[in-house]
Amino acid sequence: MSKQVSLSRYLVEQQRVDGLIPAQLRLLIEVVARACKRISHSVNKGELGDVMGSAGSENVQGEVQKKLDIIANEVLIEANEWGGHLAAMASEEMDSIYLVPNRYPQGEYLLMFDPLDGSSNIDVNVSIGTIFSVLKKPDGHPGVTEQDFLQPGSQQVAAGYCVYGPQTTLVLTVGDGVAMFTLDREQGSFVLTQENVKIPADTKEFAINMSNMRHWDTPVKRYIDECLAGKEGPRGKDFNMRWIASMVADVHRIMTRGGIFMYPWDKREPNKPGKLRLLYEANPMGWLIEQAGGAATNGRERILDVQPTQLHERVSVVLGSKNEVERVTQYHLEGTST
Ligand code: P6P
């Protein structure tokens, strides 16, 4: 029986050996992991619990909220607000930031999350997940404002997701590579199942919602057309396609076996740069992908260099196997010369 390393032990070792994560950040990650465990328990109830279907309300994005969206959001707020490690939180499900109530100790970290990404898949029993990102509150002024959250993704101090699928798996980086922890339901703890995750630089698998093809910009059309042309085309190899419509599940596949994921700008909403959210989807996923040796851009520039201007800012996303992401960037630089 191999010696199992729990998430807590892994984090203590990261704190002690690498000095990478102060105790307060370790505590924060452990609290988020416990919240994900509770969310996983609710998700797994399905029809047996009163958790399925719509909540009859809309979020700030104008999306219909599922009951589990609200449950997951409340679990993350309640788990994190009293621990003393946070100054404030921001969520896809809440219009504005959530300040830690004065009755609780104030911390130095800012936590952002998409509490349940891919919730359109809840009612059809397809993998969904929680995405989270941690920043340090900027020094120099008391209190917290929305402006404090508007830091580029390169400033993150921790990022991760928890995918609720056949296994419940927490995937985490604190800046020293990527580790994966699988939930041992009998013990009730996350156990280290992979570390130093590496994404292959090349791939034969792309993930994009093909139904939007007629709306894409030319460089994206060029890239996908070449993939579809297969070995008879300019790429000289056949490609496979996957689209789960749950970013956590699509990214987890790429973390596991490589691939490229794209949610590009399209002309349906020309004034919006993309569908996915920068602060609590693209930035945490982008950092994880980079920490595993992949690349993450908005088609032209590194996601983690984008300077946010608003809390729920959207962005185009191209991430995964480095050589494929770089090819898409090259096609954007060449513009419409095809
Ligand atoms: P579409 C889920 O709603 C989400 O935000 C991501 O998880 C997913 O990648 C994308 O939207 C799916 O979008 O337009 O294919 O339904």
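Remember, it's 1-based here, ligands and their atoms both numbered in the order they're listed. Residues: numbered from 1 along the sequence shown.
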Donor-acceptor contact below 3.5 Å, side chain K37 vs main chain G188: yes

Any side-chain donor near an acceptor of the partner, S316 and R300, under 3.5 Å: no

side-chain contact (heavy atoms from CB on, under 4.5 Å) involving S120 - partner list, sequence neighbours excluded: none

Contacts of S91 that satisfy side-chain contact (heavy atoms from CB on, under 4.5 Å) - sequence neighbours left out: N73, E93, M94, F113, P115

Sequence-distant partners of D184, side-chain hydrogen bond (donor to acceptor under 3.5 Å, both in side chains), two or more places apart: none

Give a table of atom pairs where an N or O of ligand 1 lies under 3.5 Å from a protein N or O.
| from | atom 1 | to | atom 2 | distance (Å) |
| --- | --- | --- | --- | --- |
| ligand 1 | 7 (O) | D117 | OD1 | 2.9 |
| ligand 1 | 7 (O) | D117 | OD2 | 2.9 |
| ligand 1 | 7 (O) | M247 | N | 2.7 |
| ligand 1 | 9 (O) | M247 | N | 3.4 |
| ligand 1 | 11 (O) | K275 | NZ | 3.1 |
| ligand 1 | 13 (O) | K275 | NZ | 3.0 |
| ligand 1 | 14 (O) | Y263 | OH | 2.6 |
| ligand 1 | 15 (O) | N209 | ND2 | 2.8 |
| ligand 1 | 15 (O) | W243 | NE1 | 2.9 |

E290 and R302 ion-paired at < 4.0 Å: yes

